[in-house]
Amino acid sequence: MSDPLAELRAALAGAANRLRPGSPADRELALRLERPKLAQQGDYATNAAMLLAPLLGAAPRDIAAELAERLSAALGAELASHAVAGPGFLNLVMSDSWYHAALRSVLDAGERFGCSGTPHPERILLEFVSANPTAVLVTASGRHAAYGDSLARILRHYGHTVATEYYFNDAGSQIRRLGESVRARALGLEPPEDGYQGAYVSELAGEIAGAADPDADVDAIAGRAVAILLERIKATLVRYGVHFETFFSERTLHAGAPSPLDRALAHLRAAGHIYDHAGAVWLRTTAFGDDKDRVLLRSSGEPTYFAADVAYMANKRERGFERQLLPVGADHHGYVARLKAAFQALGEDPELLEPLIIQFVHLVEGDQRAAMSKRRGEFVTLDALLDEIGVDATRYFMLQSSHERTIDFNLDLARSQSSENPVFYIQYAHARISSMLGKLGTERVLLATDARADWSSPAGELHGSERELIKRLLSLPEEVAEAAERRAPHRMAVYALELAQDFTAFYRDCKVVGAKPEPTESFRIALSVAAQTQLALVLGLLGVSAPDAM
RNA sequence: GCCCUCGUAGCUCAGCUGGAUAGAGCGGCGGACUUCUAAUCCGUAGGUCGCAGGUUCGAAUCCUGCCGGGGGCGCCA
């Protein structure tokens, strides 16, 4: 019994299929096994009878009763009782022995519980942050970094192979503009109007030897500035706990003869998707659903940013990644159609390119929306944020809401309320268990969690809080699946809080240390160990630490 | 103007591939510390799920329109 809920679901599906006249395979029933909102409605409930009703032409409640008979026969002593309710729900109450066996499974799986649940493991390239090294990281990048890193962890736990990559522009007009800005500052001049105005540009000017030389090569200055900024970005990411397997330089797409970009263009031209017009080279993206065709090579002969992106997508594919995930800022969503079109023009399945739109982090001060402009140097850096509210609180704050939703980030509020961040509640639960287990001693804990441990509870039934906590633990695999399939790390953030709440309720209601009789204490120790393991696991998926003391 | 996206409690947000009486945290109010860690717990107040239609046995969830916030419509990145 590796996943007790999956087994229960399978038993239910089996019973449902035997009620159906047709072959079991003709259409998969979307039957659900869920936790009812009200405890008195049982441990689990299923809508199976309501789905079967139209197929069987019978009343849902009658079908539910029939289903209950069959399920009861299949489960035996595992099922304590059942009831038909409402429009045709079948409510199930599981027995104490089922709970004991379920906890055993969770404990045996340890931190691998909920692992490798995906039916179709893939090789995925997840590219994120990818902020240009023309400034240090800002709060918005903090959201992208937390999102991408956590998503990678979740996808891996789900069984995919994931590589994380940071793409940076070290070529092109923005980089040149940075170089010009640095040189201007070095010469004591104002940066160009469309250049970078921030104070850090002056600092860079001081750090780069020879920047003040009027004859100095702007590209060389820009190259030095990019190198310095990239190091700062990497340092911030390390501090933030965000790991990238690779940093991919745009420049490499332009290097060599033929360059990767040349090869991508040749490929597209051979496929008949390219045409020349007004001195420029165009990609016929309208053939794949875009509203207008896009320029790849300007009339000056210079490739566009888009052309580099196309070459980059082709490169990712050549490296053997079947799926490409691409979280991008909401300001880039207009870019999605052309990327998907280009991907298709390259001969790929557009479903395998997934741009994910991450909404903004709006900084609010008082009731004013703070202006953010990298060029003008008006921004709050991610480092400043981490200084003020810490890595764990920042990550949790960034992850608790859906990526599809704008975060209004009141800086003053964040400062004053950072200690009230739910993340500390979750961490506290973990630390509390550590303390408790420490009090018991390793030997006692090992004895309690051993496969031969006696957990029998002759005195009576399991406490409701114990049942709730075990049910919560059991739901991890489906929560991981949801978070992974919907690319929604915030699901894990919400789950972590719920898990911590369920543990705390158990802790409140059920004395662990010194509980009598001994098998009861053993069972509660084992349950605490399972809860601790899973808290650490889920916090790990969020990239948040799991302290043993607070 | 066209397109995308969001709108749920005072605040920050879950719930959205249709199901039973819409949830949590924070904040408010009233309680609980010789404890298994009070970074906690208990009780309580607080909602026209933006508005209006539609589909359905059933809608916060799906469809349409409107209102409001944000974003996008470059041979910029």
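Basis for what follows: all heavy atoms, side chains included, without hydrogens, waters or symmetry-related copies. Quick note on labels: first sequence line is chain A, next is B, and so on, each numbered from 1.
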**Prompt:** Expressed as a whole number of Å, how far does the C1' atom of B:G43 sit from that of B:G65?
**Reply:** 45 Å
**Fill in**
Considering only heavy side-chain atoms of A:K292, the closest of B:G74, B:C75, B:A77 is B:G74
**Request:** Send over the distance from A:R35 CZ to B:G15 C1', rounded to a whole Å.
**Result:** 14 Å
**Message:** For A:Q427 and A:D392, which I'm curious about, is there any donor-acceptor pair between the side chains at under 3.5 Å?
**Reply:** yes
**Asked** Should A:R486 be listed as having a side-chain N or O under 4.0 Å from OP1 or OP2 of B:C16?
**Response** yes
**Asked** A:N132 side chain: which of B:A77, B:G25, B:A39 is closest?
**Response** B:A77
**Request:** For A:A337, report the nucleic acid contact type (base, sugar-phosphate, nothing); a contact means any heavy atom under 4.0 Å.
**Result:** nothing
**Rounded distance in Å between the P positions of B:A45 and B:A59** = 27 Å
**Asked** Does A:R508 make a side-chain N or O approach to OP1 or OP2 of B:U40 shorter than 4.0 Å?
**Response** no
**Message:** Considering every strand and a 4.0 Å limit on heavy-atom distances, what is the contact class for A:H490: base, sugar-phosphate, or nothing?
**Reply:** sugar-phosphate
**Request:** Have a look at A:R405 and say if it touches a base, only the backbone sugar-phosphate, or nothing, with a 4.0 Å heavy-atom cut-off.
**Result:** base
**Request:** For A:F89, answer base if it contacts any base atom (sugar-phosphate contacts may also be present), sugar-phosphate if it contacts only those atoms, and nothing otherwise; contact means non-hydrogen atoms under 4.0 Å.
**Result:** base
**Prompt:** Between the side chains of A:Y305 and A:E250, does any donor sit under 3.5 Å from an acceptor?
**Reply:** no
**Message:** Nearest heavy atom decides the nucleotide; on that basis, is A:G279 or A:S419 closer to the 5' end of RNA chain B?
**Reply:** A:S419
**Request:** Report which part of the nucleic acid A:N421 touches: base, sugar-phosphate, or nothing (heavy-atom distance under 4.0 Å, all strands).
**Result:** nothing
**Prompt:** Side chain of A:Q501: nearest nucleotide among B:G25, B:C16, B:G69?
**Reply:** B:G25
**Fill in**
Of the listed B:G71, B:C76, B:G25, the closest approach to the A:Q174 side chain comes from B:C76
**Request:** Before accepting this row, confirm whether a basic side-chain N of the pair A:E468/A:R35 lies closer than 4.0 Å to the acidic partner's carboxylate O.
**Result:** yes
**Message:** In this structure, how many angstroms lie between the P atom of B:U61 and the CD atom of A:E482, rounded?
**Reply:** 19 Å
**Request:** Using atom CG of A:L497 as one end and atom C1' of B:A14 as the other, report the distance to the nearest whole Å.
**Result:** 10 Å
**Complete:** Among B:A24, B:C6, B:C76, the one nearest any side-chain atom of A:E404 is B:C6
**Request:** Look at all strands and tell whether A:S173 reaches a base, only sugar-phosphate, or nothing, counting heavy atoms closer than 4.0 Å.
**Result:** sugar-phosphate
**Request:** Provide the distance between the two P atoms, one in B:G50 and one in B:G7, to the nearest whole Å.
**Result:** 7 Å
**Fill in**
The nucleotide from B:G69, B:A39, B:A20 with an atom nearest the side chain of A:M550 is B:A39
**Asked** So which heavy atom on A:S475 is nearest to which on A:L5, and how close?
**Response** CA-CD1, 4.3 Å
**Item:** Base B:A20 paired with A:N91 side chain (donor-acceptor, <3.5 Å)
**Value:** yes
**Message:** Using OP1 and OP2 only, check whether a side-chain N or O of A:R491 sits under 4.0 Å from B:G15.
**Reply:** yes
**Prompt:** Of the nucleotides B:A77, B:G70, B:U40, which one has an atom closest to the side chain of A:F360?
**Reply:** B:G70
**Asked** Which part of the nucleic acid, if any, lies within reach of A:D548 when heavy atoms closer than 4.0 Å are counted: base, sugar-phosphate only, or nothing?
**Response** base
**Prompt:** With a 4.0 Å cut-off, would you call A:R269 and A:D262 a salt bridge?
**Reply:** no
**Prompt:** Taking atom CG of A:D291 and atom OG1 of A:T286, what is their separation to the nearest 0.5 Å?
**Reply:** 9.5 Å
**Fill in**
Between CE of A:M398 and P of B:U12 the distance, given in whole Å, is 16 Å
**Item:** Atom P, compared across B:C49 and B:G53: separation rounded to whole Å
**Value:** 13 Å
**Request:** Check if the side chain of A:T304 and the base of B:C75 share a donor-acceptor pair of N or O atoms closer than 3.5 Å.
**Result:** no
**Donor-acceptor pair under 3.5 Å, A:H333 side chain vs B:G71 base** = yes
**Request:** Give the nucleotide from the list B:U37, B:C76, B:U12 with an atom nearest to the side chain of A:Q400.
**Result:** B:U12
**Prompt:** How far does the C1' atom of B:A39 sit from the matching atom of B:C26, given to the nearest Å?
**Reply:** 14 Å
**Message:** Base, sugar-phosphate or nothing for A:Q41? Non-hydrogen atoms, less than 4.0 Å.
**Reply:** base
**Message:** Whole angstroms only, please: what is the CD-P distance between A:Q359 and B:C6?
**Reply:** 8 Å
**Request:** Using a heavy-atom cut-off of under 4.0 Å over every strand shown, decide if A:Y335 touches base, sugar-phosphate, or nothing.
**Result:** base
**Message:** Using atom C1' in both nucleotides, what's the gap between B:G69 and B:A77 to the nearest angstrom?
**Reply:** 26 Å
**Asked** If you measure from the Lys or Arg side-chain nitrogens to the Asp or Glu carboxylate oxygens, is any gap between A:K316 and A:E127 under 4.0 Å?
**Response** yes
**Prompt:** Over how many whole Å does the gap from A:Y396 atom OH to B:U12 atom P extend?
**Reply:** 17 Å
**Request:** Can you tell me the distance, in whole Å, between the CG atom of A:D293 and the C1' atom of B:C73?
**Result:** 15 Å
**Asked** In this structure, which one of A:Y312, A:F168, A:F128 forms a ring pair (Phe, Tyr, Trp, His ring centres under 6.0 Å) with A:F248?
**Response** A:Y312
**Message:** For a quick check of understanding: with a heavy-atom distance under 4.0 Å over all strands, which category does A:S401 fall into, base, sugar-phosphate or nothing?
**Reply:** sugar-phosphate
**Complete:** Closest to the 5' end of RNA chain B, once A:F397 and A:W282 are matched to their nearest nucleotides, is A:F397
**Item:** Paired stretches of RNA chain B - 3 or more consecutive Watson-Crick or G-U pairs, each distance under 3.5 Å
**Value:** B:1-7 with B:67-73, B:10-13 with B:23-26, B:28-32 with B:40-44, B:50-54 with B:62-66
**Prompt:** Of all the choices, B:U12, B:A20, B:G25, which nucleotide is nearest to the side chain of A:A45 once you look at every atom?
**Reply:** B:A20
**Fill in**
Between A:D43 and A:K471, the two heavy atoms sitting closest are OD1-NZ, 2.9 Å
**Prompt:** Under 3.5 Å, is there a donor-acceptor pair between the A:R444 and A:S522 side chains?
**Reply:** yes
**Asked** What nucleic acid atoms does A:A493 come within less than 4.0 Å of, heavy atoms only: base, sugar-phosphate, or nothing?
**Response** nothing
**Nearest-Å distance once atom P is located in both B:C66 and B:G1** = 10 Å
**Item:** A:R338 CZ to B:A77 P, straight-line distance once rounded to whole Å
**Value:** 11 Å
**Asked** Which part of the nucleic acid, if any, lies within reach of A:V512 when heavy atoms closer than 4.0 Å are counted: base, sugar-phosphate only, or nothing?
**Response** base
**Message:** By the 4.0 Å heavy-atom rule, please label A:E34 as base, sugar-phosphate, or nothing.
**Reply:** nothing
**Asked** Does A:H430 reach the main-chain N or O of A:I426 with its side chain, forming a donor-acceptor pair under 3.5 Å?
**Response** no
**Request:** If the plane angle is over 60° it's perpendicular, under 30° parallel, otherwise tilted; pick one for A:H273 and A:F288.
**Result:** perpendicular
**Message:** Taking the P atom in each of B:C11 and B:A20, what is the distance between them to the nearest angstrom?
**Reply:** 26 Å
**Request:** Determine the contact category for A:A278: base if any of its heavy atoms lies under 4.0 Å from a base atom, sugar-phosphate if only primed atoms, P, OP1 or OP2 are that close, otherwise nothing.
**Result:** base
